Amino acid sequence: MAGGGEGSSEADNLEAIIARIEHKSRKIESLLKQSRPVEALKTALEGSPLNTGDERCKSANWIVVHRAIMAIKDDDGMFSLLDPEYYDILMKYLYRGLATGDRPTCDQCLRIHERLTERAGLGCILRSLADTVNTV
């Protein structure tokens with residue numbers, strides 16, 4: 001019985017994560033309609049479900065982050081508004097974007113990656129690649 005309760009609790013937790021991601025998605029769409037892509041990116045990166053191994057949660061959050069990343073047109077403007085606390089998680093999502101093989105996504109991710117590396121240094125890349133526990 002206890003095992004079933006734990007599974008139910010885990011399922012409830014995953015549903016709560018998905019619900020938060022859906023709420024975040026609506027907020028991001030609203031910010032993008034207001035031409036506030038950096039705020040949308042910040043919102044997308046906040047509360048990313050790093051500690052979950054559930055691919056459904058990771059994929060749902062990637063879709064939200066991808067939408068925000070693709071809306072960024074002014075890299076320099078983005079970094080003037082994006083706090084350094086977001087750099088490492090952004091780097092992880094840039095690598096996820098590069099892994100898609102989608103040309104427009106890869107082009108955008110490479111452009112932002114170049115600027116992010118200039119801004120945050122090589123340590124950001126190393127932290128992103130070395131952290132195998134908190135994956136996106």
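Just so we're clear, the structure is a prediction, and the values are computed from it rather than from any experiment.
L98 is not connected to L126 by any chain of hydrophobic side-chain contacts under 4.5 Å among Ile, Leu, Val, Met, Phe, Trp and Tyr, and they are in different clusters. L110 and Y95 end up in the same hydrophobic cluster when Ile, Leu, Val, Met, Phe, Trp and Tyr side chains are linked at under 4.5 Å.
A search for side-chain contact (heavy atoms from CB on, under 4.5 Å) contacts involving R56 returns L14, E15, I18, D54, not counting sequence neighbours.
Considering all non-hydrogen atoms of both residues, G97 and C106 come closest at O-SG, 4.0 Å. Heavy-atom minimum distance, G77 versus V38: O-CG2, 4.5 Å. Considering all non-hydrogen atoms of both residues, S80 and R119 come closest at N-NH2, 4.2 Å.
Within the 3.5 Å criterion, the main-chain N or O of E55 finds a donor-acceptor partner in the side chain of S59. Of the possible donor and acceptor atoms, one in the side chain of K24 sits under 3.5 Å from a partner among the backbone N and O of A44. Judged by distance alone, with hydrogens and angles left aside, the side-chain atoms of R96 form a donor-acceptor pair with the main-chain N or O of V136 at under 3.5 Å.
In this structure, NE2 on H113 lies 13.0 Å from CG on D75, to the nearest 0.5 angstrom. Once rounded to the nearest 0.5 Å, the distance linking SG of C109 with CG of L116 reads 11.0 Å. Note: I89 CD1 to D131 CG = 8.5 Å, rounded to the nearest 0.5 Å. Interatomic distance, I69 CD1 to I112 CD1, rounded to the nearest 0.5 Å: 5.5 Å. Taken to the nearest 0.5 Å, the OH atom of Y86 stands 10.0 Å off from the OG atom of S48. In this structure, CG on L94 lies 12.0 Å from CD on E114, to the nearest 0.5 angstrom.
Q34 and S30 form a side-chain donor-acceptor contact under 3.5 Å, judged by distance and modelled atom types alone. T135 and K92 are not linked by any side-chain donor-acceptor pair at a separation below 3.5 angstrom, with hydrogens and angles left out of the test. For D88 and S128, the side-chain atoms include no donor-acceptor pair closer than 3.5 Å.
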Evaluate the criterion side chain to side chain contact (heavy atoms under 4.5 Å, CB included) for residue pair D83 and K42; output intermediate values, then yes/no.
-> CA-CA 9 Å; D83 299 325; K42 283 182 186 181; 4.3 Å; yes
For this session: Go through E29 and R67 one step at a time and tell me if the side chain to side chain contact (heavy atoms under 4.5 Å, CB included) criterion holds.
Result: CA-CA 9 Å; E29 287 304 320; R67 177 78 176 94; 3.0 Å; yes
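With contacts defined as side-chain heavy-atom distances shorter than 4.5 Å, the pair L90/L82 qualifies. Contact of the L31 side chain with the P37 side chain is not registered, since no non-hydrogen atoms from C-beta on lie closer than 4.5 Å. Here the side chains of E39 and L81 are not in contact, with every heavy-atom distance at 4.5 Å or above.
Here the two rings, on Y93 and H66, have centers that are 6.0 Å apart or farther. Aromatic pair F79/Y87: ring centres closer than 6.0 Å.
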